[in-house]
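Down below is the structure, laid out as structure tokens.
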There are 2 protein chains.
Amino acid sequence: MAEKLDDIDRRILDVLQRDASLSQRDIADRVGLSQNALWRRLKRLEETGIMSGARMHLDARALGLDLTVFVMVRTRNHSMEWSEGFRKHVARIPQVQEMHRIGGDWDYMLKVVTTNMAGYDAVYRRLTTGYELDTVTGFFSMETMLEDRPLDLHA
Amino acid sequence: MAEKLDDIDRRILDVLQRDASLSQRDIADRVGLSQNALWRRLKRLEETGIMSGARMHLDARALGLDLTVFVMVRTRNHSMEWSEGFRKHVARIPQVQEMHRIGGDWDYMLKVVTTNMAGYDAVYRRLTTGYELDTVTGFFSMETMLEDRPLDLHA
DNA sequence: GTTGAAACACCCTCAAT
DNA sequence: ATTGAGGGTGTTTCAAC
């Protein structure tokens, strides 16, 4: 799956994951390419699917989305069919930002972002309606200390 | 903190958080505004800080970043000074995408994205070097079922 | 890989309504 | 709020090296 990327590709991606509004002129200067050569690389990086679209970053707090909860779920049924059904169920809840099937003491972990406790309660009810979950525990974020950081492209 | 946003503002933000590469012409058509009126709203939304820059979305898997771990940390020292020092310590680790101070059985939760188990071990060592942590447990994501979803602007 | 140019789209501002 | 228009910038595709 890992595509062949050289250092320049990595630098282009790193610049863009931090600021996608830069002009090709600026990016080309930063990575030491002509605008034309950069254009060809950008096209290739798009085609391979490594870059999958620019997104505007929004400030959740400024939008009144003040509550972040990490929800741990333990279930009884562990078949893949049930898991996929559960995924679709959760995907219909827009306050869920992220969902993972995890190892350890729990089966699933969800990240929920909403306005307040009433909003979380609504998510909780929707989550548990129609699905028999063994245990559901919310870990409430009291302080977001780091968020939305760029990927480490040198890892 | 919550700014005064009408439905049109919300629709603009919703369109842009899904695709920041759209032209003002396209956005204006979608939300039913003239390009000129849209421009003024965009300027205002930028100034208030609700929109904080476009970012290119990268496919972690295509970049070989195949391992996601949620790290739960329990500490002994719970002073705010220690917490801020710990935050700065963690902020220097580029594989950490997210860090929260949480309530419940744990004190902190970190999201780590890296290449493989060796990469995670490097993060673990760096995390625990110089800081006496009571307990550190990693919940390994076996399957990312939902990720990077847009915020729910109607919550 | 590079430069230069041409055609087009987009952004921003202003004037008028 | 709207349309229309102008100048400047950015993108995309050439041709030539």
Side-chain angles (χ1 to χ4, degrees), chain A residues 1-60 62-64 148-155, chain B residues 1-60 62-64 148 150-151 153-155:
Chain A
M1 180 58 101
E3 307 286 339
K4 295 164 195 165
L5 299 175
D6 61 15
D7 280 352
I8 296 180
D9 284 329
R10 258 180 252 278
R11 289 181 62 193
I12 293 169
L13 293 171
D14 201 38
V15 165
L16 280 174
Q17 75 172 336
R18 293 164 201 270
D19 186 355
S21 72
L22 292 169
S23 71
Q24 293 184 10
R25 183 74 275 139
D26 282 345
I27 302 165
D29 289 345
R30 293 194 194 200
V31 301
L33 284 179
S34 68
Q35 186 263 348
N36 205 326
L38 174 70
W39 184 84
R40 268 170 277 159
R41 281 177 186 260
L42 288 176
K43 203 176 162 191
R44 182 169 50 79
L45 290 168
E46 278 170 13
E47 282 166 359
T48 59
I50 291 174
M51 301 197 308
S52 52
R55 306 184 187 183
M56 183 59 65
H57 186 253
L58 305 182
D59 184 331
L63 288 160
D148 295 320
R149 305 182 89 206
L151 291 172
D152 180 25
L153 302 185
H154 301 285
Chain B
M1 180 60 102
E3 307 288 338
K4 295 164 194 164
L5 299 174
D6 61 16
D7 281 351
I8 297 179
D9 284 329
R10 258 180 252 278
R11 289 180 61 193
I12 294 169
L13 293 172
D14 201 38
V15 166
L16 281 174
Q17 76 170 335
R18 292 164 200 270
D19 186 355
S21 73
L22 292 169
S23 70
Q24 293 184 7
R25 182 73 279 135
D26 282 344
I27 303 164
D29 289 346
R30 292 193 193 199
V31 303
L33 284 179
S34 68
Q35 187 261 350
N36 205 326
L38 173 70
W39 183 84
R40 269 169 278 161
R41 281 178 186 260
L42 287 176
K43 201 177 163 192
R44 182 168 50 79
L45 290 168
E46 277 171 14
E47 282 166 357
T48 58
I50 290 174
M51 301 196 309
S52 52
R55 307 183 186 182
M56 183 59 66
H57 185 253
L58 305 182
D59 184 331
L63 289 161
D148 295 321
L151 292 172
L153 302 185
H154 302 285

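Values below: all heavy atoms of this structure, side chains included; hydrogens, waters and symmetry mates excluded. Chain identifiers are assigned alphabetically (A, B, ...) following the order of the sequence lines, protein sequences preceding nucleic acid strands; residue numbering begins at 1 within each chain.
- Applying the side chain to side chain contact (heavy atoms under 4.5 Å, CB included) test to A:R11 and every residue at least two apart in sequence or in another chain returns A:V31.
- Evaluation of the salt bridge (Lys or Arg N to Asp or Glu O under 4.0 Å) test over residues 14-27 of chain B, restricted to residues two or more places apart or in two chains, returns B:D14-B:R18, B:R25-B:D29.
- Annotation: side-chain hydrogen bond (donor to acceptor under 3.5 Å, both in side chains) contacts of A:Q35 (sequence neighbours excluded): A:Q24.
- Using a distance-only test at 3.5 Å, with no hydrogens or angles considered, no donor-acceptor pair links the side chain of B:R55 to the main chain of A:P150.
- Remark: B:S52 engages A:H57 in a side chain to side chain contact (heavy atoms under 4.5 Å, CB included) (not counting sequence neighbours).
- Counting only distance, with no hydrogens or angles, the side chain of A:R44 and the backbone of A:W39 share no donor-acceptor pair below 3.5 Å.
- Using a 4.0 Å cut-off between charged nitrogen and carboxylate oxygen, A:D9 and A:K4 do not count as a salt-bridge pair.
- For B:D6, the salt bridge (charged side-chain N to carboxylate O under 4.0 Å, His left out) partners are B:R41, not counting sequence neighbours.
- Direction of the helix axis in the helix from C:dG1-D:dC17 to C:dT17-D:dA1 shifts by 10° between the two five-pair termini, rounded to 10°.
- Partners of B:R30 by side-chain hydrogen bond (donor to acceptor under 3.5 Å, both in side chains), not counting sequence neighbours: none found.
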Open item on the list: Counting primed atoms plus P, OP1 and OP2 as sugar-phosphate and everything else as base, spell out the protein contacts along nucleotides 2-12 of chain C at 4.0 Å heavy-atom distance: B, S or - for each nucleotide, 5' to 3'.
Closed with: BBB-----SSB
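- Residues from residues 8-17 of chain B that place a heavy atom under 4.0 Å from any atom of DNA chain C: there are none.
- Under the salt bridge (charged side-chain N to carboxylate O under 4.0 Å, His left out) criterion, A:R10 pairs with no residue, sequence neighbours left out.
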